[in-house]
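A quick write-up on the structure given underneath.
Note that the coordinates shown come from a computational prediction; the quantities given were computed from them, not determined experimentally. To find a chain, count down the sequence lines: A is the first, B the second, and so on, and within it residues start at 1.
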Amino acid sequence: MSFNSLILIWFDKNKRNLPWRDQFDPYKIWLSEIILQQTRIAQGTGYYNRFVENYPTLKSLAEADEQMILKLWQGLGYYSRARNLHFTANYINSELNGEFPSNFLELKKLKGIGDYTAAAIASIAFNEPVPAIDGNVFRVFARYFNIELDISQPKTKTYFFNLGKEIIDQKRPGDFNQAVMELGATICTPTNPDCMNCPVNQSCEALAKKKVSELPIKSKKLKVTHRFLHFLDISNGDQVLIKKRTEKDVWLNLYNFPIIELPTEESFPSKFQEFNTTKPFRLMKEEVHLLSHQKLHISFWKANVDQEEFIRLQKEFNSEIISIEEIHQYPYPKPMEKYLDSEYPN
DNA sequence: AAATCGTGGTA
DNA sequence: TTACCAAGATT
């Protein structure tokens, strides 16, 4: 039997029951695909359910404030996905008369939708036979066909896309794409793949040549830069200073305390003593927060200052004055969320 | 083409 | 502990 038939039969019997399956609303398919970019199903499912509950239609999402969407996205990471999700909802709602684009090429024009997501939506929601090439598919194809190309090179994706176009099931393209991904996620895993229970183990080239553990080949590893950030929890009575991140940097459009960033670990506290003439800042917490490409060394410092100084610091940091009661309304990156949960519980 | 953009689970 | 990487997109 063909790869095609075997994997679809396996999928029909073994597919997981997930909340975005067995319905074909392109809005919900899109929403699920954006949430699942670079994100495990276990982590994304709760977010998907909350988004569907809060924004059941594209129109409702389009009419929401970006800040509300970022708040609901808080903790999921890669926040450009949330910003683009909102932008595209607005675009479809106002420029495309609320009608979701229904083919691969039109979908790809939308902000936040690239090759993979356009193919996933086109195949699942509109039955178009275009292959969705994600990390799972790279791994399954590389092993099954013994492909030794470097998957970190962009042109390799074109090779896999063309291969996928040739073998994708013409009658059930959406199920085919999902079947390959499901196989990669549950059987053909990066380490310790369960080849014994693989539906295509009779014809897998890597298995026959005992090369499963060597494939796929991925060359580049990214380098991590260190940053030293000092978060200043400055309060006056029940008021606190927070600042929206508007620079081209991580966590764009999220909020945090006023920050002093220093070039090294050592050169630290003397720097900001000058900001405070009444009381010293107390060190509340130190932690290392890992991003995919940065290692953030974060310190939280707290000071309760008088009114005059509060205003001065508010201007100094170009920050906003808010009351502690409303502090949890704003979207925050993970380190801020954790700090606020412990110091300002609600 | 290579860098940038989060967070959490796993070995 | 470090390294990898997960239903990737953008610049």
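Atom name P, nucleotides dG8(B) and dA9(C): the rounded distance is 22 Å, in whole Å. Taking atom P on both dA3(B) and dC4(C), the two are 15 Å apart, rounded to the nearest angstrom. The separation of dA2(B) from dA7(C), taken at their C1' atoms, amounts to 24 Å, rounded to a whole angstrom.
A donor-acceptor contact closer than 3.5 angstrom is absent between the side chains of Asn14(A) and Glu182(A). No hydrogens or angles considered: nothing links the side chains of Asn256(A) and Lys243(A) as a donor-acceptor pair under 3.5 Å.
A sub-4.0 Å separation between OP1 or OP2 of dG6(B) and a side-chain N or O of Gln38(A) is absent. A sub-4.0 Å separation between OP1 or OP2 of dC5(B) and a side-chain N or O of His293(A) is present. Contact between the side-chain N/O atoms of Trp251(A) and the OP1/OP2 oxygens of dT7(B) is found at a separation under 4.0 Å.
Ion pair Glu63(A)/Lys59(A) flagged as a salt bridge, since at least one NZ, NE, NH1 or NH2 atom sits closer than 4.0 Å to an Asp/Glu carboxylate oxygen. Classification of Lys155(A) and Asp150(A) as a salt-bridged pair fails, no side-chain N sitting under 4.0 Å from a carboxylate O. Ion pair Glu148(A)/Lys211(A) flagged as a salt bridge, since at least one NZ, NE, NH1 or NH2 atom sits closer than 4.0 Å to an Asp/Glu carboxylate oxygen.
Nearer the 5' end of DNA chain C, as judged by each residue's closest nucleotide, is the contact made by Glu182(A), out of Ile113(A) and Glu182(A).
As rounded to whole Å, 13 Å separates atom C1' of dT7(B) from atom CD1 of Ile298(A). dC4(C) atom P lies 19 Å from atom CG of Asn136(A), rounded to whole Å. At whole-Å resolution of the value, CD in Gln37(A) and P in dA7(C) are 12 Å apart. As rounded to whole Å, 12 Å separates atom P of dA9(C) from atom CG of Leu110(A). Distance Ile34(A) CD1 to dG8(C) P: 11 Å, rounded to the nearest Å. Between the CD atom of Glu33(A) and the P atom of dG8(C) there is a distance of 9 Å, given to the nearest Å. Lys295(A) places its NZ atom 19 Å from the P atom of dG6(B), with the value rounded to the nearest Å. One interatomic measurement links the two molecules: CD1 of Ile217(A) to P of dC5(C), which rounds to 13 Å at whole-angstrom precision.
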Between Thr39(A) and Arg81(A), is a side chain to side chain donor-acceptor pair (under 3.5 Å) present by the stated rule, with each step listed? CA-CA 12 Å; Thr39(A) 302; Arg81(A) 292 182 292 171; 3.0 Å; yes
Give the intermediate values and the outcome of side chain to side chain donor-acceptor pair (under 3.5 Å) for residues Thr57(A) and Tyr27(A). CA-CA 7 Å; Thr57(A) 63; Tyr27(A) 164 66; over 6 Å; no
Residues Asp238(A), Ser323(A); criterion side chain to side chain donor-acceptor pair (under 3.5 Å); working and verdict: CA-CA 6 Å; Asp238(A) 70 335; Ser323(A) 74; 5.2 Å; no
Would Leu163(A) and Phe141(A) satisfy side chain to side chain contact (heavy atoms under 4.5 Å, CB included), going step by step from the backbone distance to the final call? CA-CA 9 Å; Leu163(A) 172 60; Phe141(A) 283 5; 4.0 Å; yes
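The salt bridge (Lys or Arg N to Asp or Glu O under 4.0 Å) contacts involving residues 114-123 of chain A comprise Lys108(A)-Asp115(A), Asp115(A)-Lys157(A), where partners must be two or more places apart or lie in separate chains. Among residues at least two apart or in separate chains, there is no salt bridge (Lys or Arg N to Asp or Glu O under 4.0 Å) pair with a member in residues 36-56 of chain A.
If you check every strand for non-hydrogen atoms under 4.0 Å, Asn177(A) touches nothing. Looking at heavy-atom distances under 4.0 Å, Leu252(A) makes no contact with the nucleic acid at all. Across all strands, Thr117(A) comes closer than 4.0 Å only to sugar-phosphate atoms, never to a base (heavy-atom distances).
DNA chain B is contacted by Leu76(A), Gly77(A), Tyr78(A), Tyr79(A) of residues 76-95 of chain A, taking any non-hydrogen atom closer than 4.0 Å. The stretch residues 241-248 of chain A has no heavy atom under 4.0 Å from DNA chain C, so no residue of it qualifies as close. For the contact set between residues 6-21 of chain A and DNA chain C, defined by any heavy atom under 4.0 Å, the members are Arg16(A), Leu18(A), Trp20(A), Arg21(A). Proximity of residues 141-176 of chain A to DNA chain B (heavy atom under 4.0 angstrom from any strand atom) is restricted to Pro154(A).
Among residues two or more places apart in sequence or in another chain, the side chain to side chain contact (heavy atoms under 4.5 Å, CB included) test is passed with Ala119(A) by Phe104(A), Val130(A), Ala132(A). Thr246(A) pairs by the side chain to side chain donor-acceptor pair (under 3.5 Å) definition with nothing, not counting sequence neighbours. Contacts of Asn90(A) classified as side chain to side chain contact (heavy atoms under 4.5 Å, CB included), with partners at least two apart in sequence or in another chain: Ala62(A), His86(A).
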Donor-acceptor list for residues 328-339 of chain A side chains, cut-off 3.5 Å, not counting sequence neighbours:
residue: His328(A); atom: NE2; partner: Tyr344(A); partner atom: O; Å: 2.5
residue: Tyr332(A); atom: OH; partner: Ile327(A); partner atom: O; Å: 2.5
residue: Lys334(A); atom: NZ; partner: Glu337(A); partner atom: OE1; Å: 3.3
residue: Glu337(A); atom: OE1; partner: Gln74(A); partner atom: NE2; Å: 3.4
residue: Lys338(A); atom: NZ; partner: Glu287(A); partner atom: OE1; Å: 3.4
residue: Tyr339(A); atom: OH; partner: Asp233(A); partner atom: OD2; Å: 2.8

N/O donor-acceptor pairs under 3.5 Å from side chains in residues 5-12 of chain A, not counting sequence neighbours:
residue: Ser5(A); atom: OG; partner: Ser2(A); partner atom: OG; Å: 3.0
residue: Asp12(A); atom: OD1; partner: Arg172(A); partner atom: NH2; Å: 2.7
residue: Asp12(A); atom: OD2; partner: Arg172(A); partner atom: NH1; Å: 3.1

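Listed nucleotides dA7(C), dC5(C), dC5(B) differ in distance to Lys218(A); the shortest reach to its side chain belongs to dC5(C). The nucleotide whose nearest atom lies closest to any side-chain atom of Lys111(A) is, among dT10(C), dG6(B), dA7(C), dT10(C). Residue Asp134(A) has its side chain nearest to dG8(C) when only dC5(B), dT7(B), dG8(C) are considered.
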Do any N or O atoms of the protein come closer than 3.5 Å to N or O atoms of nucleotides 8-11 of chain B, and which pairs are they?
residue: dG8(B); atom: OP1; partner: Lys334(A); partner atom: NZ; Å: 3.2

